[in-house]
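Worksheet for the structure shown next.
In what follows, residues are counted from 1 in the order of the sequence shown.
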Amino acid sequence: MITFILNNKTIRTSEHSGMTLLDFVRYEQRLTGTKIGCREGDCGACTVLVGTLENGHVNYQSITSCISPLGNAHGKHIVTVEGTNLQNELTIAQEAMKANYATQCGFCTPGFVVAFTGFALSNSEKNYSNALDAISGNICRCTGYKSIEKAAHQMVSNLKEHKTQPNFDWLIKNGFVPDYFSTITKRLQDLEVKDREQPKGKYVAGGTDLYVQQADHLADNSVHLIAEKNYLKGISINDNVCKVGTNSTVSDLWNHSQLNMYFPRLKAHLKLVSSEQIRNMASLGGNLVNASPIGDMTIFFLALNSDITITDKNQKERSLPLKNFYQGYKTFDLKDGELLKDISFTLPVSQSVFNFEKVCKRTHLDIASVNSAIHMHIADDCISKAHVSIGGVAAIPKYLHNTSKFLNGKSLTPETIIEANDVLQNEIAPISDVRGSSDYKRLLARQLFFAHFITLFPKQFTLNDFVQHA
């Protein structure tokens with residue numbers, strides 16, 4: 001039995017756990033304000049909020065319900081646009097959209113309203129940049145975004161009246177959410193939620209990849225949901241080694257204060273990966289076992305020379321370098337019944353630098369044509385150790401063994417970088433596909449490689465240093 005709270009109603013259902021949350025909300029509960037758009041998590045029309053009870057407090061995040069399995073709602077508070085309504089008046093989010101003429105046909109409007117409400121409920125700083133991040137996964141086809149951006153400004157203005165982090169009482173009093181939100185913490189605590197016995201079937205965590213490809217199949221067949229397995233969760237740092245549970249999400253990295261200290265540009269890098277809704281739900285382990293040659297987080301972790309721990313159904317574990325995990329196109333070293341447990345890597349030290357670059361048809365929220373990351377230790381203007389990864393230029397996410405080895409011990413000069421690019425070009429084997437010709441991908445590989453050094457050492461390198469080679 002799947003048990004959760006949907007808006008102000010307690011739900012107990014025996015519906016198939018692989019059914020999408022969107023279909024349950026619309027077809028079983030008749031809450032049709034949550035719209036069906038792309039069914040790929042790309043448009044945001046189906047945005048809902050998921051409230052999770054953690055340490056006596058409910059934390060809310062936005063997700064796209066079209067690619068989320070119903071079973072992942074177990075024990076949570078799910079909020080649709082209907083669940084944000086006040087009696088006889090508009091909420092602050094609804095009023096901001098109305099006052100700034102931020103809607104025309106209205107199809108996308110519920111998703112924007114829910115995303116803005118999630119921003120009000122979130123733990124993020126209430127500034128304009130974070131407001132735009134909150135709606136980064138919402139697409140509008142007819143209004144134009146300037147009026148929606150004005151609505152974001154109005155949301156921030158209303159929230160900044162509260163000098164500290166807004167709590168439920170303040171948000172209710174000031175018209176951001178209805179008053180039943182004050183009861184949710186206790187109701188989740190009192191909810192009789194038991195760990196559900198999972199059937200044998202396809203492993204599914206966040207579902208953001210599998211449900212794009214196989215939603216109908218997963219809705220009709222047994223799925224083994226692993227998103228709530230605690231031993232796959234968490235981020236820990238000990239002795240300068242970071243261990244990330246494979247159920248962790250990109251948002252978990254984004255919100256981790258220590259990691260942001262070690263990686264000062266972490267949020268800028270992660271913003272290239274996906275929308276906030278997808279960052280909130282996609283598991284890092286899922287990204288790795290998707291085995292896409294252009295998986296963004298795979299390229300990220302390869303450059304950190306990460307190791308992975310694999311566990312089987314008897315909790316027997318084995319470890320191997322991530323760069324040895326991939327065996328061919330969409331194939332990897334994982335046996336039946338095994339799961340990725342965690343990813344570990346040595347954190348950058350004061351002499352280390354890290355960078356991630358990505359090119360795609362859209363600046364954000366798109367699949368990469370080519371992506372790349374680099375991690376180097378620098379001492380006395382010399383590269384003592386380098387790790388370079390690149391995606392979109394081989395059948396697997398590529399750790400560049402030869403290029404990394406070539407850079408080791410070399411002086412940090414334009415000549416070194418240009419020579420290293422020659423090694424790189426001999427190490428990759430791109431093919432022409434829908435994201436570009438092989439020649440185009442070679443060009444991107446070169447440009448991203450140069451971009452690493454221009455970004456990391458702006459006083460030392462400029463584009464002109466590499467123009468002749470280009």
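- Under the 3.5 Å distance criterion, with hydrogens and angles disregarded, no donor-acceptor pair is assigned to the side chains of Ser251 and Glu276.
- A donor-acceptor distance shorter than 3.5 angstrom exists from the side chain of Asn100 to the backbone of Ala96, with no hydrogens or angles considered.
- Between Tyr399 and His387, the ring planes lie tilted relative to each other; the angle falls in the 30° to 60° range.
- Side chain to side chain, Ser384 and His377 fail the donor-acceptor criterion of an N or O pair below 3.5 Å.
- In this structure, Ser411 contributes its side chain and Thr413 its backbone to no donor-acceptor pair below 3.5 Å.
- Remark: the Thr109 side chain and the Thr103 side chain contain an N/O donor-acceptor pair separated by less than 3.5 Å.
- No donor-acceptor pair closer than 3.5 Å links the side chain of Thr249 to the backbone N or O of Met281.
- Residues Asp23 and Thr20 have side chains that bring a donor and an acceptor to within less than 3.5 angstrom of each other.
- Side chain of Tyr211 to main chain of Arg39: no donor-acceptor pair is present (N/O by atom type, distance under 3.5 Å, no hydrogens or angles).
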Which atom pairs, one a donor and one an acceptor, fall under 3.5 Å between side chains of residues 337-344 and the rest of the protein, sequence neighbours left out?
{"from": "Glu338", "atom 1": "OE1", "to": "Arg318", "atom 2": "NH2", "distance (Å)": "2.9"}
{"from": "Glu338", "atom 1": "OE1", "to": "Lys335", "atom 2": "N", "distance (Å)": "2.8"}
{"from": "Glu338", "atom 1": "OE2", "to": "Arg318", "atom 2": "NE", "distance (Å)": "3.1"}
{"from": "Lys341", "atom 1": "NZ", "to": "Glu317", "atom 2": "OE2", "distance (Å)": "2.5"}
{"from": "Asp342", "atom 1": "OD1", "to": "Thr309", "atom 2": "OG1", "distance (Å)": "2.8"}

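- Without hydrogens or angle criteria, Thr455 side chain to Ala451 main chain gives a donor-acceptor distance under 3.5 Å.
- Side-chain atoms of Asn290 and Lys330 include a donor-acceptor pair closer than 3.5 Å.
- Here the side chain of Thr117 pairs a donor or acceptor atom with the backbone of Val113 at under 3.5 angstrom.
- Note on ring orientation: taking the six-membered ring where Trp is involved, the planes of Phe301 and Phe345 are tilted (angle from 30° to 60°).
- The structure places CG of Leu218 at 7.5 Å from CG of Asn221, a figure rounded to the nearest 0.5 Å.
- Between the side chains of Gln277 and Asn138, at least one donor N or O lies within less than 3.5 Å of an accepting N or O.
- Of the possible polar contacts, one joining the Lys126 side chain to the Ser122 backbone as a donor-acceptor pair under 3.5 Å is found.
- At least one side-chain heavy atom of Phe4 sits less than 4.5 Å from a side-chain heavy atom of Ile2.
- Checking side-chain atoms of Ser404 against main-chain N and O of His401 turns up no donor-acceptor pair under 3.5 Å.
- Under 3.5 Å, the side chains of Asn130 and Glu125 contain no donor-acceptor pair of N or O atoms.
- Listed here is the closest heavy atom pair of Gly391 and Ile294: C-CG2, 3.7 Å.
- No side-chain donor from either of Arg446 and Gln425 sits under 3.5 Å from a side-chain acceptor of the other.
- Contact check on Asp133 versus Lys267 returns no salt bridge, with no Lys/Arg side-chain nitrogen under 4.0 Å from an Asp/Glu carboxylate oxygen.
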Quiz item: Which is it for Glu427 and Thr403 under the side-chain hydrogen bond (donor to acceptor under 3.5 Å, both in side chains) test, yes or no, and what are the steps along the way?
Solution: CA-CA 8 Å; Glu427 197 170 357; Thr403 307; 2.8 Å; yes
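- Within the structure, the ring pair (Phe, Tyr, Trp, His ring centres under 6.0 Å) test picks out the following pairs touching residues 259-297 (sequence neighbours left out): Phe263-Phe354, His269-Phe354.
- In this structure, Lys459 is not positioned above the aromatic face of Phe457 in the sense of NZ or CZ being under 6.0 Å from the six-membered ring centre and within 45° of the axis.
- Donor-acceptor pairing under 3.5 Å is recorded for the side chains of Thr298 and Asn287.
- Using a cutoff of 4.0 Å between basic side-chain nitrogens and carboxylate oxygens, Glu228 and Lys76 are scored as salt-bridged.
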Practice problem: Please lay out, stage by stage, how Asp433 and Lys441 fare under the test salt bridge (charged side-chain N to carboxylate O under 4.0 Å, His left out). | Solution: CA-CA 10 Å; Asp433 59 20; Lys441 291 180 182 181; 2.7 Å; yes
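- Within the 3.5 Å criterion, the main-chain N or O of Ile237 finds no donor-acceptor partner in the side chain of Gln258.
- For Lys146 (side chain) and Gly144 (main-chain N/O), no donor-acceptor pair under 3.5 Å exists by modelled atom type.
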